[in-house]
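Worksheet: one structure, shown below.
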Amino acid sequence: MKTTLLFSVKFVRIVLTVWRGGKLGGMYMDDRVFLNFEQMKYTLSVLGKCTDDYIYIWDLKRDYYAISERAVKDFRLSESGFYNTGQVFRQVVYPEDFPKLEEDLTAIKEKGQRTHNMEYRWLDPNGVPVWISCRGEVVLDEDGEPLYLVGRISEIGKKNKIDKITSLYNENILKQYYQKIVEKQDICGYMMLIGIDNFKEINEKYGHDFGDMILANMADIIRKNVVNGESVYRMEGDCVVIFDYGNVRPGKAKELYKRIRSSIDESIEENGYKMFHTISAGAVYFDSKEREYGKLVEQMNFALHSAKLKGKNTFVLYDQKEYESYIRRLDIQECLRRSIENDFKGFELYYQPIMDVGMDTIHGAEALIRWNSEKYGYMSPVEFIPLLEESSLIIPLGRWIMETALRQCQKWQDEISDFRMNINLSFVQLQKSNMLADAEECIKRIGIDVNNVVFEVTESGEIETSQTTQNVLKGFKDRSIALAIDDFGTGYSNLRYIKEKMFDLIKIDRIFIQNIMQNEHDYILVKHVTELAHSMNLMVCYEGVETKEELESVKRLEPDYIQGYYYGRPMNAAAFSKQFFGRGA
């Protein structure tokens with residue numbers, strides 16, 4: 001008992017010295033201490049329960065390493081004590097950091113280095129790198145040889161538990177609190193994430209100090225409105241989370257949000273609208289038997305994201321079906337990205353014929369993108385094209401479409417010398433890429449005449465209001481590259497398109513064509529638009545002609561071109577060549 005007590009006091013003194021950043025000064029261990037390594041491990045485990053750090057001891061002679069048992073749960077360790085330290089460290093240390101660590105430990109074992117002080121990364125159980133600070137001191141045996149390395153490991157970032165701006169506990173504390181509760185009992189409750197709308201713009205316009213003031217004010221108001229046992233924590237960015245469990249009735253989260261929003265509105269009014277802002281919230285109700293902490297955070301963030309998309313200054317409750325649809329969209333977007341990176345695998349151009357009405361012959365084709373996903377199979381362009389535009393993947397794919405379509409056009413010019421290829425342009429391409437330069441370069445490289453190319457733009461309010469897009473379209477006109485306005489009449493129709501001759505070709509949407517036999521107003525409208533365009537020396541194409549009756553009816557209106565299922569659905573190059581030229585692609 002006396003020996004054990006002597007050892008414990010001495011070892012505790014060693015650990016506390018290292019823990020506080022002090023130096024051992026080449027401390028030696030007598031025989032009694034050397035022979036009680038297991039007692040040292042026990043003392044280490046006791047101390048480990050009294051701190052957030054991980055206490056460790058490494059027996060350098062036996063190459064045996066022992067660390068606080070909590071490390072097994074938090075890092076990629078199978079046990080808290082092990083031999084073959086270097087081999088185990090290869091599994092837990094982030095690969096890029098291991099050589100530096102190995103060099104430092106070798107210096108301790110073989111070159112007389114007496115301290116260890118490094119910041120590097122360990123891997124958590126999911127393989128996610130976590131920055132740690134590892135400090136240690138060497139204890140020498142009676143012959144002056146390195147015997148133990150004693151020290152502590154702490155997660156960088158865990159030290160600051162309280163957020164300085166809001167005076168709230170940070171997310172790490174919430175995570176620990178949640179996990180501690182659910183280990184003891186199953187609970188039901190909710191988490192609600194509240195964020196400041198347009199916080200980035202507030203910081204950019206008024207400065208970060210002003211943004212911090214708004215964030216602190218929101219946190220203070222939330223604290224005052226939380227009176228029923230809920231707890232509040234600071235998350236990343238401009239967000240605060242409210243956690244409540246126990247006897248939680250449906251609707252409680254939304255009621256609390258409304259109360260907080262009302263208090264913020266009152267605060268803004270009292271301050272003379274000097275710091276005006278709104279808040280949005282997303283909440284998820286949970287049963288701890290079904291949802292882990294990480295999943296709750298994902299779903300809570302998604303609910304807040306939905307609230308922002310729905311106009312902000314509102315509350316959204318997590319919806320599983322909506323979330324699954326969102327995840328599917330993200331997955332499809334990732335599949336699209338991989339297809340593009342893999343030499344556009346799965347993408348193919350289809351071509352729909354455009355007929356010359358006067359000659360009753362093939363005039364050209366519109367190139368339309370199709371995608372056969374390895375995971376989802378053939379997918380409608382209505383579903384995947386918006387995802388391409390959202391992610392800007394339409395930019396690299398658009399270049400591939402242009403290249404592929406123009407090369408195909410060049411081949412078909414062997415059959416019809418003035419064959420024209422219509423290529424669709426997205427607003428994203430016009431706004432975010434150097435589309436004009438790309439088009440000029442591609443046309444020149446392939447060696448095709450600009451008179452055989454038409455770029456189609458779908459009319460929209462974005463085209464009308466974006467000066468950047470207007471400049472790009474003007475650049476096409478200045479270089480005599482033909483433009484067509486697609487789906488004319490369905491969106492933000494503007495007679496200025498005709499008056500200013502912004503486009504060379506007006507494509508009137510099927511929604512008008514299909515009704516002209518029954519609807520006199522549609523007939524008159526299409527007739528007048530056609531006549532007006534012709535009076536300005538512009539060409540007109542009717543889209544969506546599907547039956548012989550429709551064809552005979554629209555011919556009387558004298559369009560220049562017709563496009564529709566009557567002449568052919570979109571088809572691949574081989575089928576197009578066979579149908580219109582009697583040979584393969």
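Along the sequence shown, the residues carry numbers beginning at 1. The structure presented is a predicted model; accordingly, all values stated were derived computationally and were not measured.
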Taking atom types as modelled, is there a side-chain donor on [X] or [Y] under 3.5 Å from an acceptor on the other?
{"X": "N424", "Y": "E366", "result": "yes"}
{"X": "Y323", "Y": "E298", "result": "yes"}
{"X": "N225", "Y": "S263", "result": "yes"}
{"X": "Q563", "Y": "Y561", "result": "no"}

Look only at the side chain of [X] and the backbone of [Y], and say whether a donor-acceptor pair between them is shorter than 3.5 Å.
{"X": "D560", "Y": "V540", "value": "yes"}
{"X": "S339", "Y": "C335", "value": "yes"}
{"X": "Q352", "Y": "G568", "value": "yes"}

Looking at [Y] and [X], is any side-chain nitrogen of the basic one under 4.0 Å from a carboxylate oxygen of the acidic one?
{"X": "E546", "Y": "R510", "value": "yes"}
{"X": "E403", "Y": "R407", "value": "yes"}
{"X": "D163", "Y": "R234", "value": "yes"}
{"X": "R249", "Y": "E255", "value": "yes"}
{"X": "E390", "Y": "R329", "value": "yes"}
{"X": "E558", "Y": "K527", "value": "no"}
{"X": "E171", "Y": "K175", "value": "no"}
{"X": "E543", "Y": "K507", "value": "yes"}

- line: Quick note, ring-ring contact (aromatic ring centres under 6.0 Å, His included) partners involving residues 368-395, not counting sequence neighbours, are F347-W371, W371-F384
Please list, one pair per line, the donor and acceptor atoms closer than 3.5 Å that link side chains of residues 200-217 to other protein atoms, with sequence neighbours excluded.
none

[atom1] of [X] to [atom2] of [Y]: how many Å apart, nearest 0.5 Å?
{"X": "R420", "Y": "I362", "atom1": "CZ", "atom2": "CD1", "value": "13.5 Å"}
{"X": "I194", "Y": "I222", "atom1": "CD1", "atom2": "CD1", "value": "4.0 Å"}
{"X": "Y567", "Y": "D360", "atom1": "OH", "atom2": "CG", "value": "5.0 Å"}

task: Please test K548 against E552 for salt bridge (Lys or Arg N to Asp or Glu O under 4.0 Å), starting from the C-alpha separation and ending with a verdict.
output: CA-CA 6 Å; K548 187 173 183 179; E552 294 303 323; 5.6 Å; no
- prompt: In a check of salt bridge (charged side-chain N to carboxylate O under 4.0 Å, His left out) between R328 and each of E334, E322, E383, which one passes?
  reply: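 Checked E334, E322, E383 against R328; only one passes salt bridge (charged side-chain N to carboxylate O under 4.0 Å, His left out): E383.
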message: Quick check: do Y285 and L317 have side-chain heavy atoms less than 4.5 Å from each other?
response: yes
- request: Output, in order, the C-alpha distance, side-chain angles, deciding distance and verdict of ring-ring contact (aromatic ring centres under 6.0 Å, His included) for Y326 and H305.
  value: CA-CA 11 Å; Y326 171 74; H305 174 70; 5.6 Å; yes
ring-ring contact (aromatic ring centres under 6.0 Å, His included) between W412 and F576, intermediate numbers included: CA-CA 10 Å; W412 285 334; F576 191 99; 4.5 Å; yes
